Number of protein chains: 2
Amino acid sequence: MKNRIRELRLTREWSQSTLADALQVSRQTVNAIENGRYDPSLPLAFAIAALFSLTIEEIFQPCAQGQDRPCRTKNA
Amino acid sequence: MKNRIRELRLTREWSQSTLADALQVSRQTVNAIENGRYDPSLPLAFAIAALFSLTIEEIFQPCAQGQDRPCRTKNA
DNA sequence: ACCGAATGTAAAGCCTCCTTGACATACCCA
DNA sequence: TGGGTATGTCAAGGAGGCTTTACATTCGGT
């Protein structure tokens with residue numbers, strides 16, 4: 001699962017800590033999601049979308065097979 | 001996290017097993033999600049949305065506090 | 001009465017999500 | 001040089017997502 005969180009965060013000039021506080025999760029969680037170590041839970045994905053005033057689909061993109069996107073797991 | 005999966009499934013006259021096969025998850029997983037025992041992972045939420053040709057937001061609704069929606073956990 | 005399909009639920013186990021605490025690096029600035 | 005901020009990562013642990021196997025109930029059809 002690819003996401004645009006880092007891009008959206010940097011546009012607002014927020015640190016990972018600032019974003020983590022706004023989302024009420026730990027800084028490590030933000031870092032892990034930005035770096036693709038795991039996907040957020042669905043409730044957290046909703047919180048992220050709400051914070052950036054975007055839809056989940058505008059922030060996250062599932063990885064189709066055979067594309068050039070780097071993904072941890074098949075279609076994730 | 002509330003969802004309209006049962007409604008969408010019944011409209012198509014699919015059994016939980018049929019839906020589970022289409023999503024490549026177990027029947028118990030479909031049942032648990034329909035009955036609000038837990039939320040799907042984000043990749044599974046994308047698969048559900050794709051199957052019904054809807055957005056995640058059209059299928060899932062996070063629970064705001066103080067509303068009449070029954071939810072397992074706070075804001076989930 | 002019996003059968004099969006559909007649904008609900010439970011237990012055990014594995015992997016993922018998220019936490020706290022800690023440590024390392026790099027950078028900027030005084 | 002030393003301090004503060006930002007980032008990346010690790011370990012250990014708890015909660016949640018998903019699996020298989022299994023059993024119970026309900027319903028429609030014959």
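Given the structure is predicted, the values throughout are model-derived calculations rather than measurements. Lettering follows sequence order; numbering is per chain, from 1.
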So A:L23 and A:L51, do their side chains get closer than 4.5 Å, heavy atoms only? yes
For the pair B:T11 (side chain) and B:E7 (backbone), establish whether a donor and an acceptor sit closer than 3.5 Å, ignoring hydrogens and angles. yes
Kindly indicate whether the side chain of B:F46, heavy atoms from C-beta on, has any atom under 4.5 Å from the side chain of A:M1. yes
Taken to the nearest whole Å, CD1/A:I5 to C1'/C:dC17 is 14 Å
Looking at residues 10-21 of chain A, who's got a heavy atom less than 4.0 Å off DNA chain C? none
Could you go over nucleotides 19-22 of chain D and give all protein N or O partners under 3.5 Å, atom names and distances?
residue	atom	partner	partner atom	Å
D:dT19	OP1	B:S26	N	3.2
D:dT19	OP2	B:S26	N	2.7
D:dT19	OP2	B:S26	OG	2.7
D:dT19	OP2	B:T29	OG1	2.3
D:dT21	O4	B:Q28	NE2	2.5
D:dA22	N6	B:Q28	NE2	3.1

Please enumerate all residues that pass salt bridge (Lys or Arg N to Asp or Glu O under 4.0 Å) together with A:E13, with sequence neighbours excluded. none
Mind calculating the distance between CG (A:L44) and P (D:dG16) to the nearest angstrom? 14 Å
Using side-chain heavy atoms (C-beta onward) and a distance below 4.5 Å, is B:R12 in contact with B:T18? no
So does A:R9 get a side-chain nitrogen or oxygen closer than 4.0 Å to the phosphate oxygens (OP1/OP2) of D:dT7? yes
Atom pair distance, as rounded to whole Å: CD in B:E34 and P in C:dT9: 12 Å
Considering all heavy atoms of both residues, which atom of A:N31 and which atom of A:Q16 are nearest to each other, and what is their separation? OD1-NE2, 3.3 Å
For the helix from C:dA1-D:dT30 to C:dA30-D:dT1, figure out the bend between the end axes, five pairs an end, and round to 10 degrees. 30°
Between A:V30 and A:W14, is there a side-chain heavy-atom distance shorter than 4.5 Å? no
To the nearest Å, give me how far apart CG (A:N35) and C1' (C:dC17) are. 16 Å
Taken to the nearest whole Å, CZ/A:R37 to P/D:dC10 is 7 Å
Minimum heavy-atom separation for B:A45 to B:I56, with atom names? O-CG1, 3.9 Å
Can you pull the salt bridge (Lys or Arg N to Asp or Glu O under 4.0 Å) pairs that have at least one residue in residues 14-34 of chain B, sequence neighbours excluded? B:R6-B:E34, B:R9-B:E34
Nearest-Å distance for atom pair CG/P, residues A:N31 and D:dG8: 5 Å
So do A:D39 and B:P43 actually touch side chain to side chain, heavy atoms under 4.5 Å? yes
Any heavy-atom pair between the side chains of B:P40 and A:L42 that's under 4.5 Å? yes
Would you find a donor on one side and an acceptor on the other, under 3.5 Å apart, between the side chain of B:N3 and the backbone of B:I5? yes
Just to confirm, is there a sub-4.0 Å distance from OP1 or OP2 of D:dC18 to any side-chain nitrogen or oxygen of B:S41? yes
When you measure from the side chain of A:R4 to the backbone of A:F60, do you find a donor-acceptor pair of N or O atoms at a distance under 3.5 Å? no
Rounding to a whole Å, what distance do you find between B:I48:CD1 and D:dC18:C1'? 13 Å
Expressed in angstrom and rounded to an integer, what is the separation of A:L42 atom CG from C:dC18 atom P? 10 Å
Does some side-chain heavy atom of B:I48 sit less than 4.5 Å from a side-chain heavy atom of B:L8? no
Can you pull every protein N or O that's under 3.5 Å from an N or O on nucleotides 25-28 of chain C?
none

